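Protein chains get the first letters and strands the later ones, always in sequence-line order, with residue 1 at the start of each. Here the structure is a predicted model, which means the values were calculated and not measured.
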Number of protein chains: 2
Amino acid sequence: MTRALTRKGEATRARIVAGAAAEIRERGVDEVRLEDVMAHTGTSKGQLFHYFPDGKEGLLLAVAQHEADQVLLDQEPMLSNLTSWPAWLAWRERLIERYRAQGVKCPLNGLLGQTGRRAPGAQAIVTGLMWRWQNAIVDGIRHMQSTGDIASEVDADRSAAALLAGIQGGVLLLLSTGKTDHLEAVLDLTIDSLRAGARTA
Amino acid sequence: MTRALTRKGEATRARIVAGAAAEIRERGVDEVRLEDVMAHTGTSKGQLFHYFPDGKEGLLLAVAQHEADQVLLDQEPMLSNLTSWPAWLAWRERLIERYRAQGVKCPLNGLLGQTGRRAPGAQAIVTGLMWRWQNAIVDGIRHMQSTGDIASEVDADRSAAALLAGIQGGVLLLLSTGKTDHLEAVLDLTIDSLRAGARTA
DNA sequence: CGGATTTTGGACTTGCAGGTCCATTTTTGC
DNA sequence: GCAAAAATGGACCTGCAAGTCCAAAATCCG
């Protein structure tokens with residue numbers, strides 16, 4: 001069932017996904033027609049349905065996966081190396097920088113809303129992203145606990161959950177306000193709080 | 001310019017907004033057709049465009065405003081009386097209870113995504129909601145500072161921003177996971193953090 | 001009451017975006 | 001080089017949902 005894809009085919013498919021993703025990031029999910037994707041990627045309708053037999057649904061799913069992966073990739077290598085306080089701050093910087101650059105254009109917010117309900121797959125993609133993200137944070141906290149930089153009494157899972165939620169909310173508010181104030185406040189206060197745990201221990 | 005609205009007209013308009021809001025909450029913005037609203041509210045197409053000359057756009061805007069107001073109303077009277085630690089906990093309980101009941105159905109998430117980009121008004125509604133919400137939290141923190149329950153060194157605005165972001169993210173994650181874990185973690189840890197500030201002071 | 005205005009119902013129009021189809025060209029593997 | 005398979009282009013179809021229009025009923029107000 002794994003359809004045979006020529007090298008050329010593979011390239012075209014990737015070009016479609018990347019182009020659609022860019023278009024969606026720029027103008028929002030429901031403003032992007034299949035024809036826009038065609039124009040923007042230099043492809044024909046035949047190609048779209050050749051590579052995505054399920055039509056827009058399938059394409060959107062592929063785009064969502066692409067964007068989800070990108071979110072984590074953009075945080076590397078910091079996210080996987082939360083092994084010292086400077087490393088945490090570097091991660092903080094990267095996050096803010098990334099989202100400041102992204103501004104009001106959120107790829108996943110719309111995708112979740114659009115495909116979230118009808119496609120069971122979209123939900124899974126977002127859930128998977130959050131799960132991987134939170135796990136990385138948990139790993140970071142655990143590591144800091146192993147070195148004594150964070151008190152062992154701290155509940156790593158719970159703290160990571162709160163931090164992740166804060167980040168998501170911070171980004172959400174960035175979409176409304178256009179400012180990174182909330183995101184910065186969350187990161188600073190939460191990380192400070194983790195730090196304070198070392199003294200309390 | 002304020003169009004003349006009979007008592008009956010006023011009632012019909014309200015019925016349309018409330019019905020549309022319910023429908024949207026249940027099935028999502030882009031799954032709801034004007035005909036669904038008509039069927040669900042017992043109105044005709046003529047009525048819809050009579051009360052909302054701008055069509056779906058205007059209706060969605062009215063629904064968004066309706067839902068935004070509801071969000072804050074649902075937190076009263078707790079939100080306006082964050083004057084003691086038990087009061088804060090009561091607010092916490094109300095929030096979790098409310099969102100647990102709401103579950104995966106988020107009215108504003110979709111509305112923001114749908115109308116957010118094209119309608120400048122939708123953005124304003126969400127921004128206004130967040131602003132009022134955050135202000136209420138700031139007032140709570142300030143009051144607690146005036147009674148010495150929170151250290152005066154705490155930056156009320158910054159803390160409120162972080163808390164609000166955490167709540168938003170917690171709700172967002174509730175939409176993905178179906179669990180209130182993140183929301184609870186954020187509330188508990190953030191409020192604890194504010195509390196700790198009293199001792200540090 | 002009675003004329004003006006608002007409210008209501010529903011048939012009709014319209015545009016458009018997703019999806020289908022097939023003919024043509026290119027690539028693949030032997 | 002040549003058949004089979006994959007890639008491409010684009011004309012065409014179709015359904016649907018938003019929006020238009022007007023005529024009939026209800027309501028308001030002097």
Review point. Atom CG of A:Leu48 and atom P of D:dG10: how far apart are they, to the nearest Å?
Key: 13 Å

Point to revise | Under 3.5 Å side-chain donor-acceptor pair for B:His182 and A:Gln168 | key: no

Point to revise | Rounded distance in Å - NE2 (A:His50) to C1' (D:dT8) | key: 9 Å

**Study point:** Residue that, paired with A:Ser176, satisfies side chain to side chain contact (heavy atoms under 4.5 Å, CB included) out of B:Val126, B:Leu129, B:Ile125
**Key:** B:Val126

Exercise for review: May I ask you to verify if any side-chain N or O of B:Thr12 is less than 4.0 angstrom from the OP1 or OP2 atom of C:dT8?
Suggested key: yes

Practice item. Let me know which of B:Leu163, B:Val71, B:Val138 forms a side chain to side chain contact (heavy atoms under 4.5 Å, CB included) with B:Trp133. Key: B:Val71

Exercise for review: Using a 4.5 Å cut-off on heavy atoms from C-beta on, say whether the side chain of A:Leu60 contacts that of A:Phe52.
Suggested key: no

Check your understanding: Does A:Tyr51 make a side-chain N or O approach to OP1 or OP2 of D:dA6 shorter than 4.0 Å?
Key -> no

Check your understanding: To the nearest angstrom, how far is B:Arg13 atom CZ from C:dT8 atom C1'?
Key -> 17 Å

Revision key, fill the gap. In whole angstroms, the gap separating P of C:dG9 from CD of B:Gln47 amounts to 4 Å

Check your understanding: In whole Å, what is the span from the CZ atom of A:Phe52 to the P atom of D:dT8?
Key -> 12 Å

Exercise for review: Return yes if some donor-acceptor pair links the side-chain N/O of A:Gln123 with the main-chain N/O of B:Leu175 below 3.5 Å, else return no.
Suggested key: yes

Point to revise | Watson-Crick and G-U pairing of DNA chain C written in dot-bracket, each distance under 3.5 angstrom, with | for inter-strand partners | key: ||||||||||||||||||||||||||||||

Practice item. Would you mind checking if A:Arg92 and A:Asp188 are paired as a salt bridge, meaning a charged N to carboxylate O distance below 4.0 Å? Key: yes

Point to revise | Interatomic distance where CG belongs to A:Asp30 and C1' belongs to C:dA17 [whole Å] | key: 13 Å

Review point. Quick one: does B:Thr6's side chain have a donor or acceptor within less than 3.5 Å of a partner on B:Lys8's backbone?
Key: no

Exercise for review: Report the C-alpha separation of A:Arg195 and A:Asp149 in whole Å, then their side-chain angles, then the decisive distance to 0.1 Å, and conclude whether the salt bridge (Lys or Arg N to Asp or Glu O under 4.0 Å) test is met.
Suggested key: CA-CA 7 Å; A:Arg195 236 178 187 147; A:Asp149 287 304; over 6 Å; no

Check your understanding: Between C:dA11 atom P and B:Met38 atom CE, what is the distance in whole Å?
Key -> 10 Å

**Study point:** Plane angle bin for A:Trp88 and A:Trp85 - parallel if under 30°, tilted between 30 and 60°, otherwise perpendicular
**Key:** tilted

Check your understanding: How would nucleotides 14-30 of chain D be written as a contact map, 5' to 3', with B for base contact, S for sugar-phosphate-only contact and - for no contact, using protein heavy atoms under 4.0 Å?
Key -> ---SBBB-----SSS--

Exercise for review: Would you mind reading off the distance between A:Glu10 atom CD and D:dA6 atom P, rounded to a whole angstrom?
Suggested key: 14 Å

